[in-house]
Amino acid sequence: MSLHQISSFAAGSWIKPGSGARVVASAITGEPFATAGSSDLDMQAMLDYARETGGPALRKMTFHQRARMLKALAQELSKHKQALYDLSFQTGATQKDHLIDIDGGIGTMFVFASKGRREMPDTQVYLDGEVERLSREGTFLGQHICSPLLGAAIHINAFNFPVWGMLEKLAPTLLAGVPAIVKPATNSCYVAELAVRIMLESGLLPAGALQLVSGGLGDMLNRLDCQDVVSFTGSAKTALELRQTHALIRNSVRFVAEQDSLNASILGPDAVAGTPEFDLFVKEVSREMTVKAGQKCTAIRRIIAPEVQVSALIEALTKRLARVTIGDPRIDDTQMGPLISGAQKADVMAKADLIATESEKVFGEPDAFELQGEGVSNGAFVPPMLFYCGVPDTATHVHETEAFGPVSTIMGYRDVDHAIALANRGGGSLVTSLITHDTNVAREVVIGAAAFNGRIYINDRTSMGESTGHGSPLPHMVHGGPGRAGGGEELGGVRAVKHYMQRTAIQGSPDMLTQIGQKWVPGATEIQKPHHPFTYKFSELCIGQTLHTEARTITLEDIEHFANFTGDTFYAHMDEAAAERNPFFPGRVAHGYLVLSFAAGLFVEPSEGPVLANYGLDGLRFMKPVSPGDAIKVRLTVKQKTPRNEDYGEVRWHVTVANQDDEAVAEYELLTMCAD
């Protein structure tokens, strides 16, 4: 059988592996499967293509246009999932593993597409936080913005998730407006190459937005500057080597790392044998040991349980692990496939031997376990291996050595403080999980361990039916961790997009900030048009378009009618003497919601028109009480416009209600859907 030639995509062309290409073996059989190499690539040309072609094209697009592009890419990849599954088997992944890697990666892209449309503006500038008032009269203001970096994002990915690992970086990068150069791990680069081909051949990406290096990066990192980003997933050793690249240090190149992690899972003191939590813990640990053959950065490496529960836990885990079917991942009932390569198997066995110097192996014999499938005897298979460490306080290897495979160590704790101390011995983790039904234990663990973790996953009988699992990073939540875990962050919704943008403080007048952010700032020019703003279509409205209403006097009769009609007879509205004793009120005052209701009556346009619905109100605050005899009036201004589809869009209105002395009594933002 001829070997697959895994190409790179550089400066607009597919380039086959050159001289010195590396042979990549099948994880299942150990036989040569593909060749990959990048010796013929011009690294400077790739960077130039990204910076000069891809970057400008992406930056011309708004966040919403990029989000729609991401959604279309995810839909295109979804059409080709079976081809990706078929190829990914060669990495040792089972069908269930495919769901995490391939379906999970595509799902992550869908989430970022949705968040881009829902949480980011339809402009090229992202506003970070609220406007800061820097002057007495409000003519000089400050606003933080985020804008795309002008360089390239270099994504260096690990072998274990060739699709998810690529897409979870690529989605926020493209959404930010930054081109990417993807370098997958060579051992599984053939899966990443297929995914890249699918995306490029779709025609959805602008030229230069995505390139692929199937092999080494050569001297690319030494050609980077402050506008570039390196995002790395892999070992702490490799991360340290990359961080020390001279150009990265000299040019302060952003370096995001997600690396080794001695993740822990804590069994709560209440979760004794026979409880739903104990059974859940056994299920979680065994799953995290065997999914992807334990080759997950979030896998459970340290199992921390009450000393009195250790024996029962070992017994339960042993029974469950003994039922795991190991073999050819292409067979339907195989539950765990091989490691990625023979070299990885050798590394895992060496690390397991190191752990064994201070622990007892209680399950798993690498020289005596059953395999199913034909021709798999030379595959990189190992069984799940479970160790017990009776001296976790004095042990070091169990807290410092990560066997990146189906290997985990049980250790006992005396009390919750001891459990926290053991978990923190990992020196910084991507995730620590806690299985408990005791909310006080949960709070104690979070307070004690959060500083050492990027994520704390808590599960019990209440949430177990819908929880996503200890080892599942979600696009909505940050993924990363301090210390040994790399000190970086990925995912986390819009937070991930900001990693590829520059935060800049902008100072100027309200008009300047309005134009830059395409969001009206109080004090900026108000645009007057001849007709009521509710009569204009979405596309006809302009930022700053304003309506000033007539005034309406609020009477005591209004207040009493509103109280009796709604049932809100709070004393401040009905009892003069009691209201006067309240330090916030001069006497009886109007209900806040009466003020809002009368304000709506002042600015509404009753006729049928483009306004389809009022569906929200944000940021409401009451600044000054309204007394009987006060007259209120309204300023209604178009603050921001966000298209939702071809037929309508969201209009955010800034509403200020003032009294007869022009003092603001209430302020809020009104959300409407407006037809086009």
Side-chain angles (χ1 to χ4, degrees), residues 4-10 12-17 24 26-27 33-36 38 46 50 54 66 69-95 97-113 153-175 179-215 231 233-234 292 295 329 340 473 475 490-491:
H4 295 263
Q5 288 192 314
I6 311 305
S7 298
S8 299
F9 186 76
S13 300
W14 285 101
I15 301 174
K16 293 182 178 181
V24 180
S26 164
F33 176 75
T35 60
S38 56
M46 293 185 73
R66 297 176 208 139
M69 178 183 71
L70 289 181
K71 181 178 180 180
L73 287 171
Q75 291 171 330
E76 188 67 21
L77 286 166
S78 295
K79 297 175 186 176
H80 300 275
K81 285 195 294 187
Q82 190 58 53
L84 291 165
Y85 293 163
D86 293 342
L87 193 57
S88 188
F89 280 123
Q90 296 298 329
T91 70
T94 66
Q95 184 61 41
D97 294 337
H98 297 338
L99 299 181
I100 300 171
D101 181 30
I102 296 166
D103 290 67
I106 295 170
T108 295
M109 187 168 269
F110 273 124
V111 169
F112 274 99
I154 315 302
H155 295 168
I156 305 172
N157 297 324
F159 66 78
N160 51 342
F161 290 104
V163 177
W164 178 86
M166 173 173 62
L167 298 184
E168 63 96 6
K169 291 182 176 70
L170 187 61
T173 301
L174 294 177
L175 186 54
I181 298 174
V182 175
K183 184 260 179 287
T186 306
N187 277 334
S188 57
C189 67
Y190 45 88
V191 184
E193 185 218 34
L194 176 57
V196 169
R197 282 186 182 274
I198 292 167
M199 289 187 283
L200 290 174
E201 290 174 3
S202 72
L204 295 166
L205 285 163
L210 175 61
Q211 298 178 80
L212 174 71
V213 176
S214 299
S231 184
T233 300
K292 293 290 289 187
Q295 298 170 116
I340 188 69
E490 297 175 332
L491 301 177

Considering non-hydrogen atoms only, spot the tightest contact between [X] and [Y] and give its length.
X	Y	value
Ile106	Ala74	CG2-O, 3.5 Å
Cys189	Ile6	SG-CG2, 3.7 Å
Ile15	Ala10	CD1-CB, 4.0 Å
Lys183	Gly215	NZ-O, 2.8 Å
Pro329	Phe89	O-CE2, 3.3 Å
Lys292	Asp97	N-OD1, 3.0 Å

Kindly say whether [Y] contributes a backbone atom to a donor-acceptor pair with the side chain of [X] at under 3.5 angstrom?
X	Y	result
Glu193	Ser8	no
Asn187	Ile340	no
Glu168	Glu490	no

Exercise. So which pairs with a foot in residues 182-211 pass ring pair (Phe, Tyr, Trp, His ring centres under 6.0 Å), sequence neighbours left out?
Worked result: Phe33-Tyr190
Please examine the side chains of [Y] and [X], heavy atoms only from C-beta on, and report whether any two atoms are closer than 4.5 Å.
X	Y	answer
Ile181	Leu210	no
Val213	Val182	no
Ile100	Trp164	no
Glu76	Ile198	yes

Rounded to the nearest 0.5 Å, what separation is found between the [atom1] atom of [X] and the [atom2] atom of [Y]?
X	Y	atom1	atom2	result
Tyr85	Asp101	OH	CG	10.0 Å
Ser78	Leu84	OG	CG	10.0 Å
Arg66	Leu174	CZ	CG	9.5 Å
Thr233	Met166	OG1	CE	12.5 Å
Gln82	Leu87	CD	CG	11.5 Å
Arg197	Ser202	CZ	OG	13.5 Å

Problem set entry | Check: Gln5/Thr35 side-chain N/O donor and acceptor closer than 3.5 Å | no
For this session: Go through the steps to decide whether Met199 and Leu204 satisfy the test side-chain contact (heavy atoms from CB on, under 4.5 Å), and finish with yes or no.
Result: CA-CA 7 Å; Met199 289 187 283; Leu204 295 166; over 6 Å; no
Exercise. For Lys81, which residues count as a salt bridge (charged side-chain N to carboxylate O under 4.0 Å, His left out) partner, sequence neighbours excluded?
Worked result: Asp103
Identify every side-chain donor-acceptor pair in residues 153-163 under 3.5 Å, counting partners at least two apart or on other chains, and give the distances.
{"unit_1": "His155", "atom_1": "NE2", "unit_2": "Thr173", "atom_2": "OG1", "d": "3.1"}
{"unit_1": "Asn157", "atom_1": "OD1", "unit_2": "Lys169", "atom_2": "NZ", "d": "3.1"}
{"unit_1": "Asn160", "atom_1": "ND2", "unit_2": "Gln295", "atom_2": "O", "d": "2.9"}

Problem set entry | Candidate pair Leu212 and Trp14, rule side-chain contact (heavy atoms from CB on, under 4.5 Å), full reasoning | CA-CA 9 Å; Leu212 174 71; Trp14 285 101; 4.1 Å; yes
